[in-house]
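Contents: one structure, followed by commentary.
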Amino acid sequence: RTLVYGCALAPPLWLCVQRHLEIQQFRTEPYWTLMVTVTSSKDDVLELEWGREKVFDYGMANKVLQECQQYRQGVVESVSISRHEVPKPMGLNIMQLLKTGSSSLGL
């Protein structure tokens, strides 16, 4: 079986192949986050998360964890709540293909 394409189809075909390879090569990478559960003076339970979010070095994450475990009291300076996910790359439809091609060519 032979695939025949003209000069006009070469760039979009290349972009589709590159995107397909990105999707196929996507691998999750392990990381650690530091979350601390504390109890307030009113017996409210609070979940605290480290502002650095992800740590890819287990040794460093474990070191910070050990330091946090040494303290029994603390002061809350700020609070924020968020959720972060890294989704798998999506395939391109024709409009995404045209936008990606145009932006990568500077058009």
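We use all heavy atoms of the structure for the numbers below, so side chains are in, but hydrogens, waters and symmetry mates are not. Everything quoted here is computed from the prediction, not taken from an experiment. Numbering starts at 1 and runs along the sequence shown.
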Under the side-chain contact (heavy atoms from CB on, under 4.5 Å) rule, collect the residues that match up with [X], sequence neighbours excluded.
X: Ser82; value: His84
X: Asp43; value: Thr39
X: Gln18; value: Trp14, Leu21
X: Glu67; value: Lys63

Single-linkage hydrophobic cluster, 4.5 Å side-chain cutoff, Tyr58 and Val64 together: no
Residues clustered with Met35, ILVMFWY side-chain links under 4.5 angstrom: none
Pairs flagged by side-chain hydrogen bond (donor to acceptor under 3.5 Å, both in side chains) wherever residues 24-35 is involved - sequence neighbours left out: none
Partners passing side chain to side chain donor-acceptor pair (under 3.5 Å) against Gln69 (at least two apart in sequence or in another chain): none
Contacts of Phe26 that satisfy ring pair (Phe, Tyr, Trp, His ring centres under 6.0 Å) - sequence neighbours left out: none
Which atom of Leu34 lies closest to which atom of Cys68, heavy atoms considered: CD2-SG, 3.7 Å
Pair Val45-Thr37, side chain to side chain contact (heavy atoms under 4.5 Å, CB included): steps then yes or no: CA-CA 7 Å; Val45 177; Thr37 303; 3.5 Å; yes
Flag if over 12 foreign heavy atoms under 6.0 Å of NZ, Lys99: no
